[in-house]
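Structure record follows, encoded as structure tokens.
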Amino acid sequence: MTYNYHYDLATSQRKVILKLFFKWKGSLWKAIYQDLFIWCFLYALVSVIYRYAWDRSQQDTFERFMQFCNRRLDYIPINFMLGFFVTTVINRWMTQFANLGMIDNIALFTSMYLSGNDERGRILRRSIVRFCVMSQTMVFRDIHIGVRKRFPSLETMVAAGIMTSADLKKYNEVESRYAKYWLGFNWSFNLLNEARREGRIESSYTQNAIAEEIRTFRSGLSLIWTYDWVPLPLMYPQLVFLAVHCYYLVCLVSRQFVINSDAKMTTEIDLGVPFMTIIEFIFYMGWLKVAMDLLNPFGEDEDDFDCNFLIDRNLTVAMGIVDDTHDDGPILEKDMFWN
Amino acid sequence: MTYNYHYDLATSQRKVILKLFFKWKGSLWKAIYQDLFIWCFLYALVSVIYRYAWDRSQQDTFERFMQFCNRRLDYIPINFMLGFFVTTVINRWMTQFANLGMIDNIALFTSMYLSGNDERGRILRRSIVRFCVMSQTMVFRDIHIGVRKRFPSLETMVAAGIMTSADLKKYNEVESRYAKYWLGFNWSFNLLNEARREGRIESSYTQNAIAEEIRTFRSGLSLIWTYDWVPLPLMYPQLVFLAVHCYYLVCLVSRQFVINSDAKMTTEIDLGVPFMTIIEFIFYMGWLKVAMDLLNPFGEDEDDFDCNFLIDRNLTVAMGIVDDTHDDGPILEKDMFWN
Amino acid sequence: MTYNYHYDLATSQRKVILKLFFKWKGSLWKAIYQDLFIWCFLYALVSVIYRYAWDRSQQDTFERFMQFCNRRLDYIPINFMLGFFVTTVINRWMTQFANLGMIDNIALFTSMYLSGNDERGRILRRSIVRFCVMSQTMVFRDIHIGVRKRFPSLETMVAAGIMTSADLKKYNEVESRYAKYWLGFNWSFNLLNEARREGRIESSYTQNAIAEEIRTFRSGLSLIWTYDWVPLPLMYPQLVFLAVHCYYLVCLVSRQFVINSDAKMTTEIDLGVPFMTIIEFIFYMGWLKVAMDLLNPFGEDEDDFDCNFLIDRNLTVAMGIVDDTHDDGPILEKDMFWN
Amino acid sequence: MTYNYHYDLATSQRKVILKLFFKWKGSLWKAIYQDLFIWCFLYALVSVIYRYAWDRSQQDTFERFMQFCNRRLDYIPINFMLGFFVTTVINRWMTQFANLGMIDNIALFTSMYLSGNDERGRILRRSIVRFCVMSQTMVFRDIHIGVRKRFPSLETMVAAGIMTSADLKKYNEVESRYAKYWLGFNWSFNLLNEARREGRIESSYTQNAIAEEIRTFRSGLSLIWTYDWVPLPLMYPQLVFLAVHCYYLVCLVSRQFVINSDAKMTTEIDLGVPFMTIIEFIFYMGWLKVAMDLLNPFGEDEDDFDCNFLIDRNLTVAMGIVDDTHDDGPILEKDMFWN
Amino acid sequence: MTYNYHYDLATSQRKVILKLFFKWKGSLWKAIYQDLFIWCFLYALVSVIYRYAWDRSQQDTFERFMQFCNRRLDYIPINFMLGFFVTTVINRWMTQFANLGMIDNIALFTSMYLSGNDERGRILRRSIVRFCVMSQTMVFRDIHIGVRKRFPSLETMVAAGIMTSADLKKYNEVESRYAKYWLGFNWSFNLLNEARREGRIESSYTQNAIAEEIRTFRSGLSLIWTYDWVPLPLMYPQLVFLAVHCYYLVCLVSRQFVINSDAKMTTEIDLGVPFMTIIEFIFYMGWLKVAMDLLNPFGEDEDDFDCNFLIDRNLTVAMGIVDDTHDDGPILEKDMFWN
């Protein structure tokens with residue numbers, strides 16, 4: 001997970017900016033320092049060759065080449081491309097993020113409408129929510145590196161308590177050419193039917209109230225999966241990545257300091273270090289990193305969604321709702337404003 | 001809360017602009033005056049050193065450095081970055097704001113469908129809506145500085161009448177590794193079940209109508225909490241904040257007035273005060289402050305959401321709806337258009 | 001209401017443009033002519049002083065100051081700011097506009113599900129929809145200047161037939177620290193309960209169908225009210241308004257015609273009238289006016305929402321649906337395509 | 001309807017571009033050719049006067065005026081304005097387009113839940129969907145030129161089979177100061193009630209399922225009508241139209257070729273035909289035409305919504321669903337994958 | 001389907017960029033290489049003519065023409081147009097993509113609410129979902145080239161098992177001037193009615209729960225079909241395509257290297273190969289290709305939606321849910337966290 005800077009932002013603002021600048025984890029600095037070092041090294045290399053390895057006429061040719069490049073740098077439209085691309089990517093990211101799937105609503109409705117504090121009632125409720133988390137974990141395993149690493153096989157899901165070994169056996173019996181994410185939801189729906197038949201669910205209306213929550217949860221996961229199935233066309237990120245890298249490749253030449261004062265194009269002052277270009281580099285490369293980070297939020301970057309946390313949380317909270325606190329509340333008292 | 005300027009805007013518009021310019025609370029001026037003073041002071045410092053501390057050759061070097069910086073200022077793309085960033089931040093802000101949670105719908109449906117004007121009926125209705133406000137307060141405590149300050153502990157919530165001491169006891173009995181925001185909603189759902197069993201709610205259909213309102217309320221709070229859990233990647237605001245501050249750091253040098261008329265780059269006129277740059281400073285720094293303000297609307301800035309007001313309002317209005325005016329309306333008369 | 005130009009746009013397009021240019025009501029010209037006159041007057045003033053009041057050396061200083069300003073005019077980023085700001089404001093405007101509240105759905109469902117053509121049935125249906133319009137009017141009274149002027153007190157609402165005097169009495173009996181917009185909806189819900197008890201509503205399911213329409217209507221009004229409660233942070237419009245006005249203040253100087261041909265910066269031709277700057281003024285000031293207009297659509301400008309019309313329409317149409325045409329349709333005939 | 005180029009785009013892309021360029025119907029060329037001819041004619045006129053009618057000193061003044069205008073052309077911000085304006089207009093267009101109203105859902109639910117293949121059952125189902133199409137036609141008559149022309153009076157709707165003469169008689173009996181779009185829906189709802197009373201609709205639940213589809217259909221039409229009621233403020237399109245036309249008015253002068261080689265500003269080469277300006281003209285004027293086209297999609301342009309087609313289609317398809325294929329499907333066979 | 005680069009993006013990012021650059025399938029390179037070759041060839045042609053075929057005075061004229069064009073290249077606003085156009089196109093693409101239609105929800109609800117493991121029950125459930133896939137296939141046949149090629153006639157759909165021959169016979173019996181996409185849904189609804197009458201569906205409430213899923217599925221397909229029916233006005237893509245191609249046509253001349261050092265406009269250095277223009281070409285042409293790709297995602301490009309896959313998947317998964325795993329789940333065990 002990214003560093004959560006919201007609490008910093010809540011108070012005095014000038015200090016915050018300074019504080020934000022010196023964060024390392026999930027920061028701009030961490031994202032770009034390697035690229036920056038490589039670029040600076042190459043710049044120095046070009047600089048040394050130009051200054052010391054070449055004679056005056058070679059330098060002259062190089063200087064005219066520099067000027068040629070520098071005047072045409074604005075042919076590469078990184079400004080616009082990055083602006084529009086990042087906006088598009090953020091919209092996708094927001095949609096994915098809003099559909100990660102919190103189990104709470106399913107658990108609350110199951111707890112309310114599927115009654116019975118005996119073992120059968122408890123096991124029904126626990127299984128319904130557990131099957132939903134199981135399906136969620138399966139989807140995450142296929143799109144999220146971290147979850148995949150944690151659950152390299154279905155057996156590890158059994159070990160983690162997300163499946164029972166009976167579940168796994170049944171799961172493996174079902175044959176399908178396609179991913180079986182739907183199986184957990186089908187099992188949950190079967191249990192709703194059983195509970196209804198046993199009279200634990202009062203009416204088909206309340207049964208459907210639970211089913212609708214499961215449907216919403218499933219549709220969200222389905223959306224996330226389809227976003228993974230159909231990414232933005234490869235050439236769009238390719239285009240943007242290429243633009244930024246070409247730009248800085250050309251800058252290696254075009255932003256050199258001219259050392260001969262009789263050159264056609266002279267630099268105002270020979271600083272050696274192209275600090276304005278470095279600042280520029282930080283911004284555009286940083287902007288690109290933002291885009292790359294958000295393009296696949298199911299990786300292992302620090303800003304990526306913490307799906308393992310979500311799975312654990314869903315399982316624990318769901319069990320808390322449907323079992324531990326089922327049909328159990330405080331003794332009702334008159335509140336303070338009673339009259 | 002911000003100054004509400006809507007009423008000003010409703011009437012004659014030229015006066016309004018003038019009036020808006022001279023607001024202080026929540027204004028542009030208040031947001032940037034400190035930054036502006038610091039920048040002006042630093043500018044003056046550089047100016048004094050350049051004019052009085054250095055000899056002609058040092059000045060010449062400095063002038064060439066100035067020119068170098070000034071010509072490259074447009075390397076820093078604050079214009080585009082701020083435009084796109086502010087748009088993104090405003091979209092988040094609007095979503096959060098639309099999900100703060102008004103209790104009205106829950107209260108209205110509870111009042112309609114949970115009948116009985118005896119003490120039990122009243123206490124049931126009051127408790128259902130109170131538990132919702134309780135959960136809302138708990139979410140706000142974790143993300144909103146002002147609510148946190150008002151309710152540093154759960155005991156203070158008891159003192160404020162949002163919980164009873166029985167609630168608190170029960171709340172503390174429930175153990176969970178994760179935040180227990182859901183507990184209040186679980187209790188509300190339990191009470192719905194009890195009311196249904198007691199026949200105070202006519203059918204499972206009307207029970208669910210109330211439950212759906214509570215679900216919508218809860219999902220909104222859940223969204224707000226997740227927005228707090230997963231902020232925009234740190235590096236995006238970092239990038240934008242850094243861009244604006246770098247820009248003005250470079251401006252300290254590049255926007256000095258050249259005093260030697262034989263310098264390569266001369267300024268048209270030596271005004272001493274860089275008023276155009278100051279105007280520019282106001283706009284870009286102001287735009288940045290808008291972004292920072294909206295980035296975490298749960299702080300204590302004047303423009304931040306007034307969650308304490310919302311909690312009080314929700315509690316009062318909910319009690320008014322479910323109890324004071326329950327099952328009580330005006331005597332029906334023929335209206336004026338009766339025929 | 002604004003001039004509705006849709007019908008013009010439907011036909012031949014070249015004429016339309018010309019026609020659109022010469023509209024006055026709600027037009028660009030009306031919005032900016034005063035600002036334009038003031039600016040032109042100030043420009044002329046500066047021009048006269050520069051040309052006739054000052055001697056050559058003062059003129060020279062002024063000319064260098066002009067040049068200084070003109071070259072730095074692009075420091076003020078009105079182009080970008082206006083583009084992004086207007087987009088944000090239009091989105092808010094569209095959302096408000098989509099939630100103004102048409103009563104039709106409530107009326108149609110009430111008419112269908114609350115049966116009985118006796119006096120009691122009619123009064124129940126009429127009261128339910130009337131209470132909704134009453135609450136709508138109360139919300140509009142607090143945010144819309146025109147509605148406020150029309151209904152300065154609740155008594156005027158009685159006089160207009162939106163409340164009865166019994167309603168007003170009951171309304172005043174209810175005490176609350178907060179706005180009582182919800183009261184009308186509570187009364188409507190009570191009537192639904194009564195009608196259900198009297199058997200006029202067949203089932204709790206159909207009762208809820210009506211209740212859901214009222215909920216949707218109420219939520220829309222709630223959203224509008226919250227948009228009014230939490231405006232965009234003051235400093236954002238302040239920033240944009242300031243940018244445009246600063247820009248044109250600087251233009252008063254920087255866009256003067258240079259009269260001395262030996263000045264450093266000369267103007268190509270001395271036209272006296274800065275017509276290109278005037279054209280520019282029209283566009284940017286006009287764009288700003290669009291933003292101001294849309295920022296609070298509940299004022300009295302020609303483009304603002306005509307809420308008084310909406311209230312009247314809602315009341316009349318609702319009565320027409322629930323009473324005049326209740327349970328009354330044409331005799332069914334075989335249609336033309338029957339076979 | 002516009003030319004549908006989707007099928008062209010599906011295959012080899014280079015040919016497609018060429019093919020797209022040479023379309024005439026609904027094309028760029030058709031949209032701008034008149035404007036372009038007028039502009040070219042005026043340009044030639046100015047050109048002839050400048051070259052042949054004036055003496056050297058008049059030419060000199062004109063040349064300085066040209067230079068004056070040309071350097072200030074970028075004062076007119078058409079680029080930004082068009083970009084943001086077109087985006088806003090497209091969003092409105094998409095919303096309108098998504099709410100035009102397909103009858104299918106209403107028809108499918110009516111067919112499923114309103115049983116009975118006797119004459120009474122058929123006439124009930126046919127009338128319910130016909131009343132919805134009737135209301136749709138009435139809304140379209142008021143906002144769409146083509147539908148208005150096809151149905152200049154309600155009698156023509158009777159002739160087209162959308163109303164019966166009994167409907168028209170009843171319709172005219174209802175008096176209202178406001179548009180009676182709601183009447184058809186009220187009649188449909190009445191018929192649902194009758195069908196329920198006659199036992200043709202099984203429960204109030206299925207009755208409401210049909211009613212909800214009608215509600216959705218009606219709300220879409222209501223939205224379209226309100227979009228027509230409240231257009232974008234007149235001054236926004238005025239602003240954009242004016243900007244583009246001013247720009248090209250100034251270009252008539254500023255883009256002339258300088259013929260005197262001793263002029264301060266010389267043109268590199270005297271081509272006579274300002275082909276780069278003509279290309280520019282095509283793009284900006286074309287972009288403006290896109291905006292104008294989309295601003296009112298209910299006109300008679302080739303790209304406007306074909307509402308007459310939609311009405312016919314809705315009527316035919318609805319009758320097909322509720323009557324011709326009611327309660328009639330293929331004999332069920334085991335499918336190919338049965339095991 | 002496009003190359004799915006999400007998994008690359010999940011790990012170390014620098015390598016990824018390099019890897020992404022060298023992809024061919026669905027890549028930028030594949031999209032533009034032909035256009036690039038053509039452009040380079042034409043550029044070389046112009047270059048050869050200019051350098052070798054013309055004498056000095058012809059060269060001079062050409063050089064002035066070059067200069068004329070080059071200075072006016074920014075008249076063609078491809079930057080802005082592409083940015084806004086691509087954003088609009090991506091929004092359409094996202095909406096279409098979100099409505100392609102996954103059968104899962106329909107299948108899950110059918111399996112839960114339509115009980116009976118006898119042949120009749122199985123055939124009912126299988127037919128309901130199969131009819132939905134059938135209608136989906138019919139819609140896709142009309143808008144998707146790949147599906148059309150796979151199913152050139154309805155008989156091929158019978159052969160593929162999507163229809164039975166009885167279905168086809170019935171389908172052909174129904175006459176309609178308009179597309180009969182709705183027929184499959186009508187059949188599904190009829191089967192729901194039959195199942196309800198046979199008591200296999202418990203109540204009209206659960207019947208409607210299935211019907212609502214089918215409705216949602218159908219509305220999505222309807223939206224996709226209407227997007228195909230009403231494309232963006234032809235002139236908008238025409239405009240953008242034309243702008244990019246005009247720009248590069250002018251570049252053929254304007255970006256030539258000047259060979260005569262005494263020309264008015266000289267190039268800094270004569271490289272022969274206009275590599276900066278080639279880089280520019282790659283970006284703008286690539287951006288255009290992104291737009292063209294997304295404009296009709298139902299073609300056969302590598303990035304287009306793989307509708308054939310979706311149809312197969314829907315059919316297989318639906319059968320798996322409603323039949324193979326109907327009413328069949330694992331034996332419930334106490335999970336690991338049971339206490």
Side-chain angles (χ1 to χ4, degrees), chain D residues 2-6 9-11 13-14 17 20-21 23 26-28 31 79 83 86-87 90 97 102 104-105 108-109 111-112 202-203 205-206 209 267-269 276-277 279-280 283 286-287 289-290 293-294 303 305 313 316-317 320-321 324-325 327-337, chain E residues 34-35 61 64-65 67-69 72 75-77 80 84 88 123 126-127 130 145 161 164 166-167 169-170 174 176-178 182-183 185-187 189-193 204-205 208 211 215 218-219 222 228 230-231 233-239 241-243 245-246 292 295-296 298-300 319:
Chain D
T2 184
Y3 173 71
N4 194 319
Y5 51 85
H6 278 170
L9 278 182
T11 48
Q13 304 205 322
R14 195 132 353 79
I17 295 174
L20 282 184
F21 282 176
K23 292 284 162 203
S27 80
L28 178 60
N79 223 340
V86 168
T87 304
I90 282 185
F97 155 71
M102 306 291 262
D104 306 45
N105 285 339
L108 286 166
F109 277 82
S111 181
M112 173 164 54
E202 187 190 354
S203 70
Y205 184 75
T206 50
T267 319
E268 294 84 350
I269 190 169
M276 291 302 287
T277 306
I279 291 176
E280 192 189 11
F283 297 129
W287 216 359
K289 295 291 183 188
V290 171
D293 234 45
L294 298 178
D303 284 313
F305 301 139
R313 187 232 169 247
T316 310
V317 166
I321 295 174
D324 306 346
T325 67
D327 203 16
D328 179 35
I331 297 146
L332 293 190
E333 292 175 345
K334 289 181 185 170
D335 59 81
M336 192 183 279
F337 311 104
Chain E
Q34 287 181 312
D35 293 277
T61 309
R64 283 187 294 129
F65 182 59
Q67 196 184 7
F68 175 82
C69 291
R72 283 156 184 80
Y75 289 6
I76 306 177
F80 263 88
F84 283 109
T88 298
I123 214 170
R126 290 177 78 98
S127 299
R130 198 167 46 72
I145 304 286
T164 65
D167 298 344
K169 191 158 161 290
K170 196 79 197 172
V174 176
S176 180
R177 269 183 301 148
Y178 301 97
W182 47 269
L183 196 56
F185 298 112
N186 211 7
W187 291 349
F189 277 17
N190 285 338
L191 295 187
L192 290 181
N193 266 344
S204 61
Y205 184 76
N208 199 53
R215 196 253 328 250
R218 199 210 71 80
S219 301
S222 173
D228 194 74
V230 183
L234 170 62
M235 71 174 116
Y236 202 6
Q238 237 183 8
L239 202 63
F241 295 172
L242 193 64
H245 285 81
C246 269
M292 289 184 64
L295 201 55
N296 182 17
F298 294 110
E300 289 197 299
M319 293 306 175

How close do [X] and [Y] get, counting heavy atoms only, and between which atoms?
{"X": "D/Gly329", "Y": "E/Asn190", "answer": "N-ND2, 4.1 Å"}
{"X": "E/Asp167", "Y": "D/Pro330", "answer": "OD1-CG, 3.2 Å"}
{"X": "D/Leu108", "Y": "E/Phe189", "answer": "O-CD2, 3.4 Å"}
{"X": "E/Pro233", "Y": "D/Leu294", "answer": "CG-CD2, 3.3 Å"}
{"X": "E/Arg64", "Y": "D/Glu268", "answer": "NH1-O, 3.1 Å"}
{"X": "D/Glu333", "Y": "E/Thr164", "answer": "OE1-CB, 3.2 Å"}

For this session: Look only at the side chain of E/Arg126 and the backbone of D/Phe337, and say whether a donor-acceptor pair between them is shorter than 3.5 Å.
Result: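 Checking the backbone N and O of D/Phe337 against the side chain of E/Arg126, a donor-acceptor pair under 3.5 Å is found.
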For this session: Look only at the side chain of E/Gln238 and the backbone of D/Leu28, and say whether a donor-acceptor pair between them is shorter than 3.5 Å.
Result: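 It does hold such a pair.
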I need the [X] [atom1] to [Y] [atom2] distance, nearest 0.5 Å.
{"X": "D/Phe283", "Y": "E/Leu242", "atom1": "CZ", "atom2": "CG", "answer": "4.0 Å"}
{"X": "D/Arg313", "Y": "E/Ser176", "atom1": "CZ", "atom2": "OG", "answer": "8.5 Å"}
{"X": "E/Asn186", "Y": "D/Met112", "atom1": "CG", "atom2": "CE", "answer": "9.0 Å"}
{"X": "E/Arg72", "Y": "D/Thr267", "atom1": "CZ", "atom2": "OG1", "answer": "6.5 Å"}

Specify which of [options] makes the most heavy-atom pairs with chain E at under 4.5 Å.
{"options": "D/Asp104, D/Asn105, D/Val317", "value": "D/Asn105"}
{"options": "D/Ile321, D/Asp328, D/Thr87", "value": "D/Ile321"}
{"options": "D/Ser111, D/Ser203, D/Gly83", "value": "D/Gly83"}
{"options": "D/Ile331, D/Thr325, D/Thr277, D/Thr206", "value": "D/Thr325"}

Exercise. Is E/Ile76 close to D/Ile279 at the side-chain level, that is, under 4.5 Å between some pair of heavy atoms?
Worked result: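 Answer yes - side chains close enough.
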Exercise. Quick one: does E/Leu191's side chain get under 4.5 Å of D/Leu332's, heavy atoms only?
Worked result: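 Yes - at least one pair of side-chain heavy atoms lies under 4.5 Å apart.
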Exercise. Does E/Tyr205 have any ring-ring contact (aromatic ring centres under 6.0 Å, His included) partners at least two apart in sequence or in another chain, and if so, which?
Worked result: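 E/Tyr205 satisfies ring-ring contact (aromatic ring centres under 6.0 Å, His included) with A/Tyr205, D/Tyr205 once adjacent residues are dropped.
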Would you mind telling me which of [options] has the largest number of heavy-atom pairs within less than 4.5 Å of chain D?
{"options": "E/Tyr178, E/Phe185, E/Phe65, E/Tyr236", "value": "E/Tyr178"}
{"options": "E/Tyr75, E/Phe84, E/Trp187, E/Trp182", "value": "E/Tyr75"}
{"options": "E/Ser219, E/Ser222, E/Gly161", "value": "E/Gly161"}

Problem set entry | Part of D/Met102 lying under 4.5 Å from any heavy atom of chain E |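 Only the side chain of D/Met102 comes within 4.5 Å of chain E.
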